[in-house]
2 protein chains.
Amino acid sequence: MTVGVRHDDLRRRNRALVLTALRAANQRSRTEIANLTGLSNSTISAITSSMIEEGVLVELKGNDNGLARRGRPQVALALNPTLASVVAVTLTLNHVSAVLIDYAGEAVDEEVQDLATQELEGQALIEAVIGCVRRVLTRQRENGYHPSRIALAVQGITSSDSSSMLWSPITPDENTRFAPALAAAFGVPATVENDCNMITVALKWREPARYRKDFFAVMLSDGIGMGLMVKGELFSGTHSSGGEFGHMIHIPDGALCRCGKHGCIEAYAGNYALIRTARGGSEEDVPGAVVSQVEIQKLADAARASDGPERAAFLKAGRAIGFGLGSLFAVFDPAPVAIVGPGALAFDILEQPIRDAIARTAGGKHSAAISFETEPNEMPLIRLGCAMTALTKVDAEIIVPGLTTEKVLKGRKVA
Amino acid sequence: MTVGVRHDDLRRRNRALVLTALRAANQRSRTEIANLTGLSNSTISAITSSMIEEGVLVELKGNDNGLARRGRPQVALALNPTLASVVAVTLTLNHVSAVLIDYAGEAVDEEVQDLATQELEGQALIEAVIGCVRRVLTRQRENGYHPSRIALAVQGITSSDSSSMLWSPITPDENTRFAPALAAAFGVPATVENDCNMITVALKWREPARYRKDFFAVMLSDGIGMGLMVKGELFSGTHSSGGEFGHMIHIPDGALCRCGKHGCIEAYAGNYALIRTARGGSEEDVPGAVVSQVEIQKLADAARASDGPERAAFLKAGRAIGFGLGSLFAVFDPAPVAIVGPGALAFDILEQPIRDAIARTAGGKHSAAISFETEPNEMPLIRLGCAMTALTKVDAEIIVPGLTTEKVLKGRKVA
DNA sequence: AAGCTTTTTTTCGAGCTTCGAAAAAAATAA
DNA sequence: TTATTTTTTTCGAAGCTCGAAAAAAAGCTT
């Protein structure tokens, strides 16, 4: 049973509303916030003045935004960038990057590093990630940054409590407990999230007009990932990160998938599957090493040039994705789809077979109306999603009324 | 942006908490409610006393529940059954029923009626439903019942605003706008919901211990339906009732489905598909009239008796359901499954092929651990789900503080 | 440049609500 | 009949939001 609503919950929720309004677009006046939240001017005045005193918000004076109007000018409020900071870490095949981000969401510094992820076992991988974070933090320590949180995005399945990477194609290790290790190394909370889920979160922050309540983000890369936004909330599985679109079954007992099962969508549409099909390999051929993006581009060029085995491979892939989306639409209803990742560069070849397949499913009613947007470069989205996820969690600590900021972020504040 | 929390929202939410506690188990003392909700005794005292004055709750005196303890005895509070009432209507193939239910959730009277649903066009079907409701209400009018709401459950797809039945196998009509018609006929709000969704809601009310946060209800009948409970909430589609498990694709371009597309799970596991397969019909044979349950029972008996075409048909059906569940588990993660409806009587034949198929999918990790419960008789569940859905909506009107009950339920109260 | 107008922001009192403590109520036990 | 125990109500304190009024900070006017 949900717990009763006490009196300070009210203030907490309204503080959260103010913070959310400023996260969506920094620099808003008190009047704008009042209109946005539906709260009265007096309430906003009370809330913001205590938040300014706490150091959460700052007044941006002397920014006249050009048009001079009659009357007392609005004073823009903004998140205090020096209040706190977070680190957004991204672990992908052969690469790890760590970005230090201030409380207002601006990137401060970044550390990128190559890494033979496929050859690193659990502990070594964890230490490589820790090392990357440590480097950027050491560099910025003199500027007084002590992050409040670390958010790690990985390719693969993560646990629903955001503590572990349960499985990933980039390493042989299973159930890698990144979060406790990072938390221990830096003395702050850490989380591990699925990369596609972070992309989905990011799309909503970046383009709230287009990606609002319901949409799917399909990541086409070596594997096939998905993030789902359902009724305005990130849809994650009940135990894991969920949304394993790539492992829905396309053909029962069909082609061998990287996961060891047969007939998954990925076994037709993943990069390795494209190569396998185009080269006339057997569907039982064990998926080999990760395919370079250059190779896929060559494959796509060949498919565009002539109606050979390459084009057939893309048709087969599109068909698998399309039928999968059709099945998904049967359960969730049709919604806009964002095609993210390197595969988006070949979407011109994929779109028609995808649409054809969707049209052959019951879930694909009005398939022509379904919109597809492409976004080949997924890294900025993953980082944005990570940053916003971590900052939102910091916000959740800050909104507790009565707690002074010092208590919440003891010693982690910028000097 | 969510609207700000004002002061009376607080009281409203806490009133809702009290009401929910009593709906889950009628007859609780103030002290029990305080412990359950986490609110203080004084708050519960204030809330319940105003609700008693409004006629929402009643004190049940002199019910000593057996054990006599020291101290002032607890006074049981209960929902006032005469405060309001709702009608739960169920429309299935060839039958319509209307049950009058009091505010405490007890059935008062029921009207069941045969109906040639497949031959009735929209308006005639609507009027038949209205007639059934009218009969039970006319009979009970002398007892002072004036329902506050009507909830209709139908087989088929309904709109997400609960106004229309978009498509149903029981009638050729499409987009039948039941809700406005019922609302106009009886002058009270009406809703149309999908039967499987109602079953899912009902399971949670009836067996909260087993069916709590995450589970799937699969309805095996002429068609294949599904209701999904995800994170404690009924999962419905973004535009329609959603959860059209039966129309996820099992075999791309496979057997002809009743929906006109090919390869849906239903085209292998629906009653008509079982008959078609067992009799050696082509997968392109157009699904005929609805199959009688007796016929399916005979088929199941034959399948149990010997390894002939009947058993092969059930194997094929189980395989389709199993692969479908595997795909679903990939997206939602594994969860308990309730097998509801007449098909549950043949679950002994279906279980093994279902489990075998799940084990062949990536989503079916730990497939042996997935629990299946069967419930052949779906009607009581549909009615319970309808009743609770309608009563919960009545509750939502009642919890608004300051509104006296007379204002909310003007003239609809029992005399 | 001084006063007027306009708009934003703060201040102040009223009206809710919840909570804890104390009081009242209603039973059993001695 | 009195003491004990448990539930329920009462009462004052504290916190929050709101509307109205006041204060602040600008441009506009003469």
Side-chain angles (χ1 to χ4, degrees), chain A residues 2-18 27-53 57-77 399-403, chain B residues 2-18 27-53 57-77 399-403:
Chain A
T2 339
V3 79
V5 186
R6 264 173 308 281
H7 215 155
D8 43 345
D9 293 326
L10 207 143
R11 176 47 77 96
R12 181 149 50 84
R13 287 181 52 133
N14 288 340
R15 281 168 66 106
L17 235 48
V18 170
Q27 288 186 234
R28 304 202 100 103
S29 72
R30 294 168 175 83
T31 313
E32 285 175 310
I33 296 173
N35 292 337
L36 240 53
T37 58
L39 293 166
S40 72
N41 285 332
S42 18
T43 303
I44 296 299
S45 183
I47 290 176
T48 53
S49 76
S50 67
M51 282 177 129
I52 288 171
E53 198 182 352
L57 304 184
V58 286
E59 284 191 334
L60 260 50
K61 286 192 172 156
N63 111 308
D64 276 0
N65 89 69
L67 53 292
R69 290 186 311 145
R70 226 180 195 205
R72 179 172 175 174
Q74 304 192 350
V75 179
L77 298 176
I399 58 168
V400 177
L403 285 177
Chain B
T2 338
V3 79
V5 186
R6 264 174 308 280
H7 217 151
D8 42 347
D9 293 325
L10 207 144
R11 174 50 74 95
R12 181 149 50 84
R13 287 180 52 133
N14 288 340
R15 279 167 67 106
L17 236 46
V18 171
Q27 289 188 232
R28 302 201 103 104
S29 73
R30 292 168 175 84
T31 313
E32 285 175 311
I33 296 173
N35 293 337
L36 241 53
T37 57
L39 294 167
S40 71
N41 285 329
S42 20
T43 304
I44 296 300
S45 183
I47 291 176
T48 53
S49 77
S50 68
M51 283 178 129
I52 288 170
E53 197 182 353
L57 304 183
V58 287
E59 285 190 335
L60 260 50
K61 288 192 171 155
N63 109 311
D64 277 359
N65 90 69
L67 53 293
R69 290 188 310 147
R70 228 179 192 202
R72 179 171 174 174
Q74 305 191 349
V75 180
L77 297 177
I399 57 167
V400 178
L403 285 178

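All values reported here derive from a predicted model rather than from experimental measurement. Order of the sequence lines fixes the chain letters, A, B, ..., with proteins taken first and strands second; residue numbering starts at 1 for each chain. Only this structure's heavy atoms are used, side chains among them; waters, hydrogens and symmetry mates stay out.
Between atom CG of residue B:L77 and atom CD1 of residue B:I52 there is a gap of 5.0 Å, rounded to the nearest 0.5 Å. The distance from atom CZ of B:R12 to atom CG of B:D9, rounded to the nearest 0.5 Å, is 4.5 Å. The CG atom of B:L17 sits 9.5 Å away from atom CD1 of B:I399, with the distance rounded to the nearest 0.5 Å. Here the straight-line distance linking atom CG of B:L39 with atom CD1 of B:I47 works out to 6.0 Å at 0.5 Å rounding.
Atom CG of A:L57 is separated from atom P of C:dT9 by 13 Å (rounded to the nearest Å). Here the P atom of nucleotide C:dT17 and the CD1 atom of B:I47 are 9 Å apart, to the nearest Å. Summarising the geometry, the separation between CD1 on B:I33 and P on D:dT9 is reported as 11 Å, rounded to the nearest angstrom. For B:R13 and C:dT18, the CZ to P distance is 12 Å, given to the nearest whole Å. When the C1' atom of D:dG19 is taken as reference, atom CG of A:L39 falls 14 Å away, rounded to whole Å. Residue A:R15 contributes atom CZ, which lies 10 Å from atom P of D:dT17 at whole-angstrom precision. Put simply, CD on A:Q74 is 15 Å from P on D:dA25, counting in whole angstrom units. Remark: C1' of D:dT6 and CG of B:N35 are 13 Å apart, rounded to the nearest angstrom.
Here C:dT18 is the nucleotide among D:dT8, C:dT18, D:dT17 with the atom lying nearest to any side-chain atom of B:L10. Of the candidate nucleotides D:dT17, C:dT11, D:dT8, C:dT11 has the atom lying nearest to any side-chain atom of A:S45.
Two residues are said to be in side-chain contact when any heavy atoms from C-beta on lie closer than 4.5 Å; A:I44 and A:N41 fail this criterion.
Scanning all heavy atoms of the two residues, the minimum distance from B:E32 to B:Q27 falls at OE1-O, 4.4 Å.
Heavy-atom nearest nucleotides on DNA chain C were determined for A:R30 and for B:I44, and the one closer to the 5' end corresponds to A:R30. Both A:E32 and B:S40 lie close to DNA chain C; mapped to their nearest nucleotides by heavy-atom distance, the more 5′-ward contact belongs to A:E32.
Listed pair B:S29 / D:dT7 fails the phosphate criterion, with no side-chain N or O lying under 4.0 Å from OP1 or OP2. Contact annotation: B:T43 reaches the phosphate of C:dC19 (side-chain N/O to OP1 or OP2, under 4.0 Å). In this structure, A:N14 reaches the D:dT17 phosphate: one of its side-chain N or O atoms is under 4.0 Å from OP1 or OP2. For B:S42, no side-chain nitrogen or oxygen approaches OP1 or OP2 of C:dC19 to under 4.0 Å. The phosphate of D:dG15 has neither OP1 nor OP2 within less than 4.0 Å of any side-chain N or O from A:R11.
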Name the pairs: protein N/O against N/O of nucleotides 26-30 of chain D, kept only if under 3.5 Å.
unit_1, atom_1, unit_2, atom_2, d
D:dC28, O4', A:R70, NE, 3.2
D:dC28, O4', A:R70, NH2, 3.0

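When only modelled atom types and interatomic distance are considered, A:S42 and A:S45 share no side-chain donor-acceptor pair under 3.5 Å.
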